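The model shown is predicted, which means the values in this text are computed figures rather than measured ones.
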Amino acid sequence: MTITSPHLGSPAVWTDARLLYALEEVVENELNRHLKVAKDWMPHEYVPWSDARNFPGLFEDGEAWGKEQSKVSEIGRTALVVNLLTEDNLPSYHHEIASLFGRDGAWGTWVHRWTAEEGRHGIVMRDYLLASRAVDPDKLEQFRMAHMSEGFESDNRHSMLHSVAYVAFQELATRISHRNTGHQSGDPVCDRMLARIATDENLHMVFYRNLLKAAFELAPDLTMQAVRDVVVNFRMPGHGIPGFERAAAQMAIGEVYNLRIHHDDVIQPVLRFLKVLDIDNLGPEGLKAQEELGLFMGGLDAEALKFDEKLAARKARMAARAGA
(Lines give C-alpha, C1' and ligand atoms only; values in the text may rest on other atoms or scores of the structure.)
Protein backbone atom coordinates (compact mmCIF):
# COMPACT_ATOMS: atom_id res chain seq x y z
CA MET A 1 0.00 0.00 0.00
CA THR A 2 1.01 3.60 -0.42
CA ILE A 3 1.02 4.60 3.23
CA THR A 4 2.42 2.64 6.14
CA SER A 5 2.05 3.32 9.82
CA PRO A 6 3.25 1.75 13.06
CA HIS A 7 -0.35 1.87 14.33
CA LEU A 8 -2.76 1.54 11.43
CA GLY A 9 -5.83 2.23 13.53
CA SER A 10 -4.66 5.62 14.75
CA PRO A 11 -7.11 8.41 13.81
CA ALA A 12 -4.18 10.84 14.06
CA VAL A 13 -2.64 9.11 11.04
CA TRP A 14 -5.61 7.97 8.98
CA THR A 15 -7.43 11.07 7.82
CA ASP A 16 -9.99 10.79 5.02
CA ALA A 17 -7.49 12.35 2.61
CA ARG A 18 -4.79 9.82 3.46
CA LEU A 19 -7.18 6.89 3.21
CA LEU A 20 -8.39 8.10 -0.18
CA TYR A 21 -4.79 8.25 -1.37
CA ALA A 22 -3.86 4.89 0.15
CA LEU A 23 -6.86 3.16 -1.42
CA GLU A 24 -6.41 4.68 -4.88
CA GLU A 25 -4.59 1.63 -6.24
CA VAL A 26 -7.29 -0.69 -4.88
CA VAL A 27 -9.97 1.46 -6.50
CA GLU A 28 -8.15 1.33 -9.83
CA ASN A 29 -7.82 -2.46 -9.67
CA GLU A 30 -11.47 -2.88 -8.69
CA LEU A 31 -12.56 -0.47 -11.42
CA ASN A 32 -10.64 -2.44 -14.06
CA ARG A 33 -12.13 -5.70 -12.77
CA HIS A 34 -15.61 -4.17 -12.82
CA LEU A 35 -15.29 -2.93 -16.40
CA LYS A 36 -14.20 -6.40 -17.55
CA VAL A 37 -17.20 -8.21 -16.02
CA ALA A 38 -19.94 -5.57 -16.36
CA LYS A 39 -22.10 -5.94 -19.46
CA ASP A 40 -23.70 -2.97 -21.17
CA TRP A 41 -27.42 -3.35 -21.73
CA MET A 42 -30.17 -1.30 -23.33
CA PRO A 43 -33.00 -0.13 -21.05
CA HIS A 44 -35.46 0.07 -23.94
CA GLU A 45 -35.07 -3.67 -24.58
CA TYR A 46 -36.67 -4.48 -21.23
CA VAL A 47 -39.80 -2.34 -21.67
CA PRO A 48 -43.10 -3.74 -23.07
CA TRP A 49 -43.69 -0.84 -25.44
CA SER A 50 -46.51 -2.64 -27.27
CA ASP A 51 -48.58 -2.46 -24.05
CA ALA A 52 -48.29 1.35 -23.92
CA ARG A 53 -51.09 3.77 -24.76
CA ASN A 54 -51.76 7.45 -24.25
CA PHE A 55 -52.67 8.97 -20.93
CA PRO A 56 -55.06 11.96 -20.67
CA GLY A 57 -53.46 15.29 -21.50
CA LEU A 58 -52.44 16.44 -24.94
CA PHE A 59 -53.95 13.37 -26.58
CA GLU A 60 -57.69 13.17 -27.16
CA ASP A 61 -57.59 9.38 -27.01
CA GLY A 62 -55.85 9.38 -23.61
CA GLU A 63 -57.06 6.75 -21.17
CA ALA A 64 -57.03 7.38 -17.42
CA TRP A 65 -55.06 4.95 -15.28
CA GLY A 66 -56.78 2.17 -13.34
CA LYS A 67 -55.43 -0.69 -11.21
CA GLU A 68 -57.16 -3.26 -13.39
CA GLN A 69 -54.94 -2.28 -16.33
CA SER A 70 -51.80 -3.66 -14.68
CA LYS A 71 -50.47 -7.21 -14.36
CA VAL A 72 -48.46 -6.19 -11.28
CA SER A 73 -49.53 -7.35 -7.81
CA GLU A 74 -50.38 -4.88 -5.06
CA ILE A 75 -47.16 -5.54 -3.15
CA GLY A 76 -45.21 -5.37 -6.41
CA ARG A 77 -46.72 -1.95 -7.14
CA THR A 78 -45.79 -0.63 -3.70
CA ALA A 79 -42.23 -1.94 -3.88
CA LEU A 80 -41.71 -0.70 -7.44
CA VAL A 81 -42.65 2.84 -6.45
CA VAL A 82 -40.30 2.77 -3.44
CA ASN A 83 -37.47 1.31 -5.50
CA LEU A 84 -37.90 3.82 -8.32
CA LEU A 85 -38.16 6.84 -6.04
CA THR A 86 -34.98 5.65 -4.32
CA GLU A 87 -33.22 5.55 -7.70
CA ASP A 88 -34.62 8.99 -8.58
CA ASN A 89 -32.42 10.74 -6.03
CA LEU A 90 -29.34 9.89 -8.10
CA PRO A 91 -28.29 13.58 -8.46
CA SER A 92 -28.01 13.86 -4.67
CA TYR A 93 -26.16 10.54 -4.41
CA HIS A 94 -23.72 11.61 -7.11
CA HIS A 95 -23.09 14.94 -5.44
CA GLU A 96 -22.38 13.24 -2.13
CA ILE A 97 -19.98 10.56 -3.36
CA ALA A 98 -18.25 13.00 -5.71
CA SER A 99 -17.69 15.29 -2.72
CA LEU A 100 -16.38 12.43 -0.59
CA PHE A 101 -14.37 10.47 -3.16
CA GLY A 102 -13.36 13.25 -5.55
CA ARG A 103 -13.60 13.59 -9.33
CA ASP A 104 -9.97 12.82 -10.21
CA GLY A 105 -8.07 9.61 -10.88
CA ALA A 106 -9.58 6.17 -10.37
CA TRP A 107 -11.96 7.44 -7.68
CA GLY A 108 -13.46 9.98 -10.06
CA THR A 109 -13.71 7.51 -12.92
CA TRP A 110 -15.60 5.11 -10.65
CA VAL A 111 -17.94 7.83 -9.38
CA HIS A 112 -18.99 8.72 -12.92
CA ARG A 113 -19.23 5.10 -14.10
CA TRP A 114 -21.38 4.17 -11.09
CA THR A 115 -23.64 7.16 -11.72
CA ALA A 116 -24.10 6.22 -15.37
CA GLU A 117 -24.99 2.64 -14.49
CA GLU A 118 -27.41 3.68 -11.76
CA GLY A 119 -29.04 6.14 -14.17
CA ARG A 120 -30.09 3.22 -16.37
CA HIS A 121 -32.01 1.72 -13.49
CA GLY A 122 -34.24 4.74 -13.06
CA ILE A 123 -34.76 5.02 -16.83
CA VAL A 124 -35.86 1.42 -17.37
CA MET A 125 -38.03 1.25 -14.24
CA ARG A 126 -39.96 4.42 -15.09
CA ASP A 127 -40.40 3.39 -18.72
CA TYR A 128 -41.66 -0.04 -17.62
CA LEU A 129 -44.08 1.43 -15.07
CA LEU A 130 -45.57 3.86 -17.58
CA ALA A 131 -45.69 1.51 -20.58
CA SER A 132 -47.24 -1.34 -18.57
CA ARG A 133 -49.51 1.03 -16.60
CA ALA A 134 -48.29 -0.58 -13.39
CA VAL A 135 -48.80 2.56 -11.26
CA ASP A 136 -50.78 5.79 -11.25
CA PRO A 137 -48.51 8.13 -13.28
CA ASP A 138 -49.84 11.30 -11.66
CA LYS A 139 -49.17 10.06 -8.13
CA LEU A 140 -45.77 8.73 -9.17
CA GLU A 141 -44.74 12.16 -10.47
CA GLN A 142 -46.12 13.89 -7.36
CA PHE A 143 -44.11 11.54 -5.15
CA ARG A 144 -40.99 12.12 -7.28
CA MET A 145 -41.27 15.88 -6.98
CA ALA A 146 -41.83 15.71 -3.21
CA HIS A 147 -38.98 13.28 -2.64
CA MET A 148 -36.39 14.97 -4.85
CA SER A 149 -37.31 18.44 -3.57
CA GLU A 150 -36.17 17.27 -0.14
CA GLY A 151 -32.83 16.12 -1.53
CA PHE A 152 -30.78 13.46 0.24
CA GLU A 153 -28.14 13.60 2.94
CA SER A 154 -26.57 10.36 4.05
CA ASP A 155 -26.15 9.55 7.72
CA ASN A 156 -22.52 8.79 6.82
CA ARG A 157 -21.58 11.92 4.87
CA HIS A 158 -19.17 12.95 7.64
CA SER A 159 -16.72 10.14 6.83
CA MET A 160 -15.36 8.54 3.68
CA LEU A 161 -14.75 5.29 5.56
CA HIS A 162 -18.31 5.21 6.94
CA SER A 163 -19.62 5.88 3.44
CA VAL A 164 -17.66 2.97 1.96
CA ALA A 165 -18.92 0.70 4.74
CA TYR A 166 -22.50 1.87 4.19
CA VAL A 167 -22.60 1.28 0.44
CA ALA A 168 -21.06 -2.18 0.84
CA PHE A 169 -24.24 -3.16 2.70
CA GLN A 170 -26.68 -0.83 0.93
CA GLU A 171 -25.85 -2.03 -2.59
CA LEU A 172 -26.57 -5.59 -1.49
CA ALA A 173 -29.79 -4.48 0.23
CA THR A 174 -30.88 -2.77 -2.99
CA ARG A 175 -30.07 -5.86 -5.04
CA ILE A 176 -32.15 -8.03 -2.70
CA SER A 177 -35.04 -5.56 -2.70
CA HIS A 178 -35.12 -5.39 -6.52
CA ARG A 179 -34.85 -9.16 -6.89
CA ASN A 180 -37.62 -9.90 -4.39
CA THR A 181 -39.83 -7.22 -5.92
CA GLY A 182 -39.49 -9.00 -9.25
CA HIS A 183 -40.41 -12.33 -7.68
CA GLN A 184 -43.47 -10.84 -6.00
CA SER A 185 -44.58 -8.67 -8.92
CA GLY A 186 -46.66 -11.26 -10.73
CA ASP A 187 -45.29 -10.09 -14.10
CA PRO A 188 -42.47 -12.04 -15.82
CA VAL A 189 -41.45 -8.92 -17.78
CA CYS A 190 -41.01 -6.99 -14.53
CA ASP A 191 -39.10 -9.91 -13.01
CA ARG A 192 -36.63 -9.99 -15.92
CA MET A 193 -36.12 -6.22 -15.78
CA LEU A 194 -35.41 -6.22 -12.05
CA ALA A 195 -33.12 -9.23 -12.37
CA ARG A 196 -31.04 -7.20 -14.83
CA ILE A 197 -30.89 -4.28 -12.40
CA ALA A 198 -30.02 -6.62 -9.53
CA THR A 199 -27.03 -7.92 -11.49
CA ASP A 200 -25.64 -4.38 -11.64
CA GLU A 201 -26.28 -3.80 -7.96
CA ASN A 202 -24.41 -6.98 -7.09
CA LEU A 203 -21.35 -5.81 -9.02
CA HIS A 204 -21.52 -2.48 -7.20
CA MET A 205 -21.66 -4.33 -3.88
CA VAL A 206 -18.60 -6.42 -4.82
CA PHE A 207 -16.66 -3.24 -5.66
CA TYR A 208 -17.37 -1.61 -2.30
CA ARG A 209 -17.05 -4.84 -0.32
CA ASN A 210 -13.57 -5.42 -1.74
CA LEU A 211 -12.68 -1.81 -1.01
CA LEU A 212 -13.86 -2.30 2.56
CA LYS A 213 -11.66 -5.39 2.81
CA ALA A 214 -8.65 -3.30 1.82
CA ALA A 215 -9.61 -0.69 4.40
CA PHE A 216 -9.62 -3.39 7.10
CA GLU A 217 -6.07 -4.31 6.09
CA LEU A 218 -4.94 -0.69 6.29
CA ALA A 219 -6.82 0.64 9.29
CA PRO A 220 -8.58 -2.21 11.10
CA ASP A 221 -9.65 -0.25 14.19
CA LEU A 222 -11.18 2.65 12.27
CA THR A 223 -12.82 0.35 9.76
CA MET A 224 -14.30 -1.83 12.50
CA GLN A 225 -15.77 1.24 14.17
CA ALA A 226 -17.22 2.42 10.85
CA VAL A 227 -18.81 -0.97 10.18
CA ARG A 228 -20.22 -1.07 13.71
CA ASP A 229 -21.74 2.39 13.31
CA VAL A 230 -23.20 1.64 9.88
CA VAL A 231 -24.74 -1.71 10.80
CA VAL A 232 -26.24 -0.48 14.06
CA ASN A 233 -27.74 2.65 12.49
CA PHE A 234 -28.52 1.29 9.01
CA ARG A 235 -31.30 2.96 7.03
CA MET A 236 -32.17 2.52 3.38
CA PRO A 237 -31.59 5.66 1.26
CA GLY A 238 -35.32 5.87 0.43
CA HIS A 239 -36.36 6.50 4.03
CA GLY A 240 -37.42 10.06 3.12
CA ILE A 241 -39.98 8.94 0.53
CA PRO A 242 -43.54 10.13 1.30
CA GLY A 243 -45.34 7.30 3.10
CA PHE A 244 -42.14 5.27 3.41
CA GLU A 245 -42.98 3.76 6.82
CA ARG A 246 -46.28 2.32 5.59
CA ALA A 247 -44.72 1.09 2.35
CA ALA A 248 -41.82 -0.50 4.29
CA ALA A 249 -44.31 -2.33 6.52
CA GLN A 250 -46.15 -3.66 3.47
CA MET A 251 -42.88 -4.74 1.88
CA ALA A 252 -41.91 -6.51 5.10
CA ILE A 253 -45.17 -8.46 5.22
CA GLY A 254 -44.94 -9.14 1.49
CA GLU A 255 -41.42 -10.60 2.02
CA VAL A 256 -39.73 -8.10 -0.24
CA TYR A 257 -37.55 -6.70 2.53
CA ASN A 258 -37.84 -7.32 6.26
CA LEU A 259 -35.74 -7.98 9.35
CA ARG A 260 -35.06 -11.60 8.49
CA ILE A 261 -33.97 -10.72 4.96
CA HIS A 262 -31.89 -7.83 6.29
CA HIS A 263 -30.10 -10.07 8.78
CA ASP A 264 -29.67 -13.23 6.68
CA ASP A 265 -29.26 -11.90 3.15
CA VAL A 266 -27.62 -8.50 3.60
CA ILE A 267 -25.66 -7.95 6.82
CA GLN A 268 -24.47 -11.49 7.51
CA PRO A 269 -23.07 -12.24 4.02
CA VAL A 270 -20.86 -9.14 4.03
CA LEU A 271 -19.66 -9.69 7.59
CA ARG A 272 -18.99 -13.35 6.85
CA PHE A 273 -17.07 -12.67 3.63
CA LEU A 274 -14.85 -10.12 5.37
CA LYS A 275 -14.57 -12.30 8.53
CA VAL A 276 -15.32 -9.14 10.50
CA LEU A 277 -16.10 -10.85 13.78
CA ASP A 278 -12.90 -12.95 13.55
CA ILE A 279 -10.40 -10.12 12.97
CA ASP A 280 -7.82 -10.25 15.76
CA ASN A 281 -5.30 -7.46 15.04
CA LEU A 282 -7.36 -4.80 16.80
CA GLY A 283 -6.61 -2.17 19.38
CA PRO A 284 -8.93 -1.34 22.31
CA GLU A 285 -11.40 0.75 20.27
CA GLY A 286 -11.52 -1.80 17.49
CA LEU A 287 -12.15 -4.63 19.94
CA LYS A 288 -14.92 -2.66 21.60
CA ALA A 289 -16.56 -2.00 18.23
CA GLN A 290 -16.25 -5.68 17.27
CA GLU A 291 -17.87 -6.81 20.51
CA GLU A 292 -20.69 -4.31 20.14
CA LEU A 293 -21.25 -5.43 16.57
CA GLY A 294 -21.47 -9.07 17.66
CA LEU A 295 -23.98 -8.22 20.38
CA PHE A 296 -26.05 -6.18 17.96
CA MET A 297 -26.17 -9.01 15.43
CA GLY A 298 -27.42 -11.36 18.14
CA GLY A 299 -30.16 -8.88 19.02
CA LEU A 300 -31.05 -8.37 15.36
CA ASP A 301 -31.43 -12.12 14.89
CA ALA A 302 -33.71 -12.28 17.93
CA GLU A 303 -35.86 -9.43 16.54
CA ALA A 304 -35.97 -11.18 13.18
CA LEU A 305 -37.17 -14.36 14.90
CA LYS A 306 -40.02 -12.43 16.53
CA PHE A 307 -40.96 -11.02 13.14
CA ASP A 308 -40.85 -14.53 11.61
CA GLU A 309 -43.27 -15.77 14.25
CA LYS A 310 -45.68 -12.87 13.71
CA LEU A 311 -45.55 -13.34 9.93
CA ALA A 312 -46.21 -17.08 10.25
CA ALA A 313 -49.17 -16.40 12.56
CA ARG A 314 -50.56 -13.88 10.08
CA LYS A 315 -50.27 -16.37 7.23
CA ALA A 316 -52.05 -19.01 9.32
CA ARG A 317 -54.93 -16.60 10.07
CA MET A 318 -55.27 -15.68 6.41
CA ALA A 319 -55.26 -19.35 5.37
CA ALA A 320 -57.93 -20.12 7.97
CA ARG A 321 -60.13 -17.32 6.70
CA ALA A 322 -59.66 -18.44 3.09
CA GLY A 323 -60.71 -21.97 4.05
CA ALA A 324 -63.72 -20.90 6.07
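Here the shortest heavy-atom pairing between Arg260 and Asp308 reads NE-OD2, 2.8 Å. When all heavy atoms of Ala165 and Phe169 are compared, the closest pair comes out as O-CD1, 3.1 Å. Looking at every heavy atom in both residues, Gly182 comes nearest to Ser185 through O-OG, 2.8 Å. Among all heavy-atom pairs drawn from Ala252 and Asn258, the shortest one is O-ND2, 3.1 Å. Shown here for His162 and Val230, the closest heavy-atom pair between the two residues is O-CG2, 3.5 Å. Of all heavy-atom pairs spanning Ser159 and Leu100, the tightest one is C-CD2, 4.2 Å.
Judged by distance alone, the side chain of Trp49 and the main-chain N or O of His44 form a donor-acceptor pair under 3.5 Å. Panel note: side chain Glu24, backbone Ala106; a donor-acceptor pair is recorded below 3.5 Å. Between the side chain of Ser177 and the backbone N or O of Ala173, no donor-acceptor pair lies under 3.5 Å. Panel note: side chain Thr181, backbone Gly76; no donor-acceptor pair is recorded below 3.5 Å. No side-chain donor-acceptor contact under 3.5 Å links Gln184 to the backbone of Asn180. Judged by distance alone, with hydrogens and angles left aside, the side-chain atoms of Trp107 form no donor-acceptor pair with the main-chain N or O of Val27 at under 3.5 Å. In terms of modelled atom types and a separation under 3.5 Å, the side chain of Trp65 and the main chain of Arg133 share a donor-acceptor contact. When atom types are taken as modelled, the side chain of Asn32 and the backbone of Glu28 share a donor-acceptor pair closer than 3.5 angstrom.
Criterion: ILVMFWY side-chain heavy atoms under 4.5 Å apart, direct or through other members. Under it, Leu295 and Leu287 are not part of a common hydrophobic cluster. The hydrophobic clustering, which links ILVMFWY residues whose side-chain heavy atoms are closer than 4.5 Å, places Leu85 and Phe244 together. In this structure, Met297 is a member of the same hydrophobic cluster as Ile261, with clusters built from ILVMFWY side-chain heavy atoms closer than 4.5 Å. Hydrophobic clustering (side-chain heavy atoms under 4.5 Å, transitive across Ile, Leu, Val, Met, Phe, Trp, Tyr) keeps Leu203 apart from Val164. Cluster membership for Leu130 and Ile197, using ILVMFWY side-chain heavy atoms within less than 4.5 angstrom, is not shared.
A salt bridge does not link Glu30 with Lys213: every distance from a Lys NZ or Arg NE/NH1/NH2 to an Asp or Glu carboxylate oxygen is 4.0 Å or more. Comment: Glu171 does not engage Arg175 in a salt bridge, judged by the lack of any side-chain N to carboxylate O separation of less than 4.0 angstrom. The existence of a salt bridge linking Glu292 and Arg228 is confirmed by a sub-4.0 Å separation between a basic side-chain nitrogen and an acidic carboxylate oxygen. Taking 4.0 Å as the cut-off between side-chain N and carboxylate O, Arg120 and Asp40 count as a salt-bridged pair. At a threshold of 4.0 Å, the pair Lys288-Glu291 does not count as salt-bridged, since none of the basic side-chain nitrogens sits closer than that to a carboxylate oxygen. A salt bridge links Glu303 with Lys306: the distance from a Lys NZ or Arg NE/NH1/NH2 to an Asp or Glu carboxylate oxygen falls below 4.0 Å.
Side chains of Arg196 and Thr199 form a contact here, defined as non-hydrogen atoms less than 4.5 Å apart. With a 4.5 Å cut-off on side-chain heavy atoms, Ile176 and His262 do not count as touching. Taking the side chain as every heavy atom from C-beta outward, Glu87 and Arg126 never approach each other to under 4.5 Å. Contact annotation: the side chain of Asp187 approaches that of Tyr128 to within less than 4.5 Å [non-hydrogen atoms, C-beta and beyond]. Asp51 is not listed as a side-chain neighbour of Val189, based on a closest heavy-atom distance of 4.5 Å or more. Contact annotation: the side chain of Leu84 approaches that of Leu140 to within less than 4.5 Å [non-hydrogen atoms, C-beta and beyond]. Looking at Glu118 and Glu201, their side chains come closer than 4.5 Å, going by heavy atoms from C-beta outward. Counting heavy atoms from C-beta outward, Arg272 and Pro269 have side chains that approach closer than 4.5 Å.
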**Request:** For His183 and Val256, run side chain to side chain contact (heavy atoms under 4.5 Å, CB included): C-alpha distance rounded to whole Å, both residues' side-chain angles, the deciding distance at 0.1 Å, then the answer.
**Result:** CA-CA 9 Å; His183 291 328; Val256 171; over 6 Å; no

**Asked** After noting the C-alpha distance and the side-chain angles of Thr174 and Asn83, does the key distance pass the side chain to side chain contact (heavy atoms under 4.5 Å, CB included) rule?
**Response** CA-CA 8 Å; Thr174 304; Asn83 291 353; over 6 Å; no

**Request:** Starting from the C-alpha separation in whole Å, work towards a yes-or-no answer on side chain to side chain contact (heavy atoms under 4.5 Å, CB included) for Thr223 and Glu217.
**Result:** CA-CA 9 Å; Thr223 307; Glu217 294 170 358; over 6 Å; no

**Prompt:** Would Asp265 and Tyr257 count as a side-chain hydrogen bond (donor to acceptor under 3.5 Å, both in side chains) if you check the C-alpha gap in whole Å, the side-chain angles of each, and the deciding distance to 0.1 Å?
**Reply:** CA-CA 10 Å; Asp265 300 336; Tyr257 200 93; over 6 Å; no

**Request:** In sequence, state the C-alpha distance, the side-chain angles, and the governing distance for Glu63 and Arg53, and then conclude on salt bridge (charged side-chain N to carboxylate O under 4.0 Å, His left out).
**Result:** CA-CA 8 Å; Glu63 181 182 353; Arg53 50 198 185 276; 2.8 Å; yes

**Asked** side-chain hydrogen bond (donor to acceptor under 3.5 Å, both in side chains) between Glu74 and Thr78: does it pass, once the steps are laid out?
**Response** CA-CA 6 Å; Glu74 192 67 35; Thr78 297; 4.7 Å; no

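Expressed to the nearest 0.5 Å, how far CG of Leu212 lies from CE of Met205 amounts to 11.5 Å. For the atom pair CG (Leu161) and CE (Met224), the distance works out to 11.5 Å, reported to the nearest 0.5 Å. To the nearest 0.5 angstrom, Asp191 atom CG is 9.5 Å from Met193 atom CE. Between the CD atom of Gln170 and the CG atom of Asn156 there is a distance of 10.5 Å, given to the nearest 0.5 Å. Between Cys190 atom SG and Arg77 atom CZ the span is 11.0 Å, to the nearest 0.5 Å. Rounding to the nearest 0.5 Å gives a distance of 7.0 Å between CD of Glu96 and CZ of Arg157.
By the neighbour-count criterion of 12 heavy atoms within 6.0 Å, atom NE2 of His95 is sparsely surrounded, having that number or fewer from other residues, nucleotides or ligands. For Glu45, the CD atom counts as densely surrounded, since its 6.0 Å shell holds more than 12 non-hydrogen atoms of other residues, nucleotides or ligands. By the neighbour-count criterion of 12 heavy atoms within 6.0 Å, atom CD of Glu150 is sparsely surrounded, having that number or fewer from other residues, nucleotides or ligands. The neighbour count for Asp104 CG, taken as heavy atoms of other residues, nucleotides or ligands under 6.0 Å away, does not exceed 12.
For an aromatic pair to be called close, the ring centres must be under 6.0 Å apart, and Trp110 with His34 satisfies this. A ring-centre distance under 6.0 Å is not found for Tyr208 and Tyr166. For Trp114 and Phe207, the ring centers sit 6.0 Å or farther from each other.
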Show me the donor-acceptor pairs, under 3.5 Å and distance only, between side chains in residues 275-284 and residues at least two apart or in other chains.
none

Identify every side-chain donor-acceptor pair in residues 141-148 under 3.5 Å, counting partners at least two apart or on other chains, and give the distances.
unit_1: Glu141; atom_1: OE1; unit_2: Arg144; atom_2: NE; d: 2.9
unit_1: Glu141; atom_1: OE2; unit_2: Arg144; atom_2: NE; d: 3.4
unit_1: Glu141; atom_1: OE2; unit_2: Arg144; atom_2: NH2; d: 2.8
unit_1: His147; atom_1: NE2; unit_2: Asn89; atom_2: ND2; d: 3.1

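With Phe273 as the aromatic partner, Arg209 meets the cation-pi criteria of under 6.0 angstrom to the ring centre and within 45 degrees of the ring axis.
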